[in-house]
There are 2 protein chains.
Amino acid sequence: MKIISYNLNGFRSAMGKGLADWVAETRPDVLCVQEIKAGREPLDVSALTGLGYHAYLHPAQKPGYSGVATFSLQKPLAVVEGCGQSCYDDEGRVLRLNFEHCSVLNTYMPSGTSGPERQAFKVEWLHFFRRYVRELQGAGVPPLVIAGDYNCCQEEIDIRNAKTNLNSPGFTPEERQWFRDFLADGFTDSFRHHHGPVPDRYSWWTFRAGARARNVGWRLDHLLVDNALVPHIRHADLLHDVVHSDHCPAVVELAF
Amino acid sequence: MKIISYNLNGFRSAMGKGLADWVAETRPDVLCVQEIKAGREPLDVSALTGLGYHAYLHPAQKPGYSGVATFSLQKPLAVVEGCGQSCYDDEGRVLRLNFEHCSVLNTYMPSGTSGPERQAFKVEWLHFFRRYVRELQGAGVPPLVIAGDYNCCQEEIDIRNAKTNLNSPGFTPEERQWFRDFLADGFTDSFRHHHGPVPDRYSWWTFRAGARARNVGWRLDHLLVDNALVPHIRHADLLHDVVHSDHCPAVVELAF
DNA sequence: CTTAGAACG
DNA sequence: CGTTCTAAG
């Protein structure tokens with residue numbers, strides 16, 4: 001079961017850069033995309049449904065902003081749109097698909113880079129999300145795969161310029177502690193588990209100043225899996241040469 | 001004296017398409033541009049001043065909207081920014097440069113295509129402008145050359161689809177009558193005077209549906225000259241193959 | 001269809 | 001730096 005998480009920075013923009021061809025080649029079982037930046041009307045998913053995918057959308061209320069979508073070759077056993085909290089659901093941040101062996105939760109976590117207000121919103125979200133996932137864990141859903149743009153970097157190895165970003169949104173001590181606590185609730189970072197402490201592996205690069213060419217990046221996109229799924233991990237990676245966005249795709253392969 | 005009127009649909013956009021090179025080749029004595037769509041700060045006129053031009057700007061208050069500018073090889077004897085009516089001057093619609101033999105009035109007349117409110121504003125403007133020009137005529141300024149985007153078409157010969165546009169803003173009976181009245185106040189349409197009733201000569205084409213390639217256009221950009229200047233007209237034309245904008249330049253050459 | 005600004009990232 | 005929206009044409 002190949003699961004991909006990919007922040008597209010605009011579904012239509014990514015489609016214009018050949019996303020559908022790449023999906024056809026790569027053929028993930030489940031493709032979780034974030035920042036679709038379009039609602040149901042302006043979105044045309046026919047190029048992906050034409051490849052055999054079932055399409056599930058959770059757009060934001062605000063046009064052109066945020067939003068997640070999940071594409072699945074298999075028809076999921078259940079689909080849950082949103083997290084039940086309108087302040088988050090209005091921004092299109094959570095979409096969950098249940099399968100036989102796992103539940104794939106697609107999330108686009110808030111960015112705090114716009115200012116202190118949004119950073120505060122993000123921190124509230126983080127705590128809400130941890131509680132929300134704990135509830136899911138206790139509710140008998142299949143083991144979770146939490147795919148998404150976390151907008152959070154874990155350790156110094158996950159960011160090129162750790163020293164200069166010690167207080168940057170996405171790498172604050174508070175967020176890094178949150179990440180450790182979240183993992184302690186029973187999750188494993190599939191990329192780090194599979195690769196060990198390899199440096200210089202990122203999933204996002206600012207568009208400015210040729211950051212991607214110089215690999216000045218952050219690892220923000222993660223596929224965290226329930227610890228129970230760890231024995232099933234066959235592969236995990238960041239596809240840094242796939243370029244439809246300022247993020248690159250993250251992939252995990254699970255064998256059941 | 002070669003005078004050019006050119007609606008640029010964005011000074012910066014036109015510069016990006018090679019406007020400065022074209023000015024260097026064409027070397028008009030006076031270049032009147034409209035819809036500069038930028039204020040003094042975002043505008044960089046150094047490529048034209050570097051060619052020896054004096055630059056005079058009359059931007060709109062609203063960023064990215066309207067605005068005229070005139071570039072002159074000779075230093076004008078006087079420069080008058082605006083028409084003294086704040087509702088028009090706030091939109092950057094009038095800029096006049098006096099020279100020895102003529103006064104070059106650069107104008108960007110309002111468009112009425114946004115809706116009835118703006119069409120009403122345009123009609124008010126037309127009547128105001130006629131009065132304003134009459135005052136200038138009586139005030140001892142040198143004979144006028146009124147260069148600009150009039151957003152008005154005169155006769156059926158000046159528009160490709162006259163029949164379907166009999167009530168379109170820019171070709172309403174009211175505006176066409178205004179044009180005749182304006183000419184009757186002592187002006188000559190230099191293009192029509194020089195070429196006679198040649199059809200299919202336009203200065204604007206919508207960006208939609210390949211209108212320019214099919215020459216589905218309107219003649220909206222005019223160089224009207226005081227009748228006293230008519231004996232000095234040596235040449236007049238519309239430079240339809242000059243493409244930095246949805247308009248093309250209009251040119252008149254006067255010999256003194 | 002295109003420009004340019006704003007919001008957001 | 002780049003996407004999308006909106007206003008305006």
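By convention in this document, chain letters (A, B, ...) are assigned in the order of the sequence lines, proteins followed by strands, and residues within each chain are numbered from 1. Worth knowing before you read on, the calculation uses all heavy atoms, side chains too, and leaves out hydrogens, waters and symmetry mates.
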*Side-chain contact test, heavy atoms from C-beta onward, threshold under 4.5 Å: evaluate it for Glu155(B) versus Arg180(B) and give yes or no.*
yes

*With sequence neighbours left out, write down each residue that passes salt bridge (Lys or Arg N to Asp or Glu O under 4.0 Å) with Glu91(A), or none if nothing qualifies.*
Arg93(A), Arg118(A)

*salt bridge (charged side-chain N to carboxylate O under 4.0 Å, His left out): which pairs involve residues 208-219 of chain A, sequence neighbours left out?*
Asp158(A)-Arg219(A), Asp189(A)-Arg219(A)

*Using the test side-chain hydrogen bond (donor to acceptor under 3.5 Å, both in side chains), find all partners of Ser46(B) that sit at least two apart in sequence or belong to another chain.*
Asp44(B)

*Centroid-to-centroid, Phe171(B) to Phe179(B), below 6.0 Å?*
no

_First and last nucleotide of DNA chain C, 5' to 3', lying under 4.0 Å from heavy atoms of chain A_ = dA7(C) to dG9(C)

*What distance separates Ile3(B) CD1 from Cys32(B) SG, expressed to the nearest 0.5 Å?*
7.0 Å

*Does the side chain of Asn165(A) come within less than 4.5 Å of Arg160(A)'s, by heavy atoms?*
no

*asked:* Output one letter per nucleotide in nucleotides 4-9 of chain D: B when a protein non-hydrogen atom lies under 4.0 Å from the base, S when only the sugar-phosphate is that close, - when neither is.
replied: SS-SSB

_Partner residues of Glu174(B) under the salt bridge (Lys or Arg N to Asp or Glu O under 4.0 Å) criterion, sequence neighbours left out_ = none

*asked:* Output the rounded distance in Å from CZ (Arg212(A)) to P (dG2(D)).
replied: 12 Å

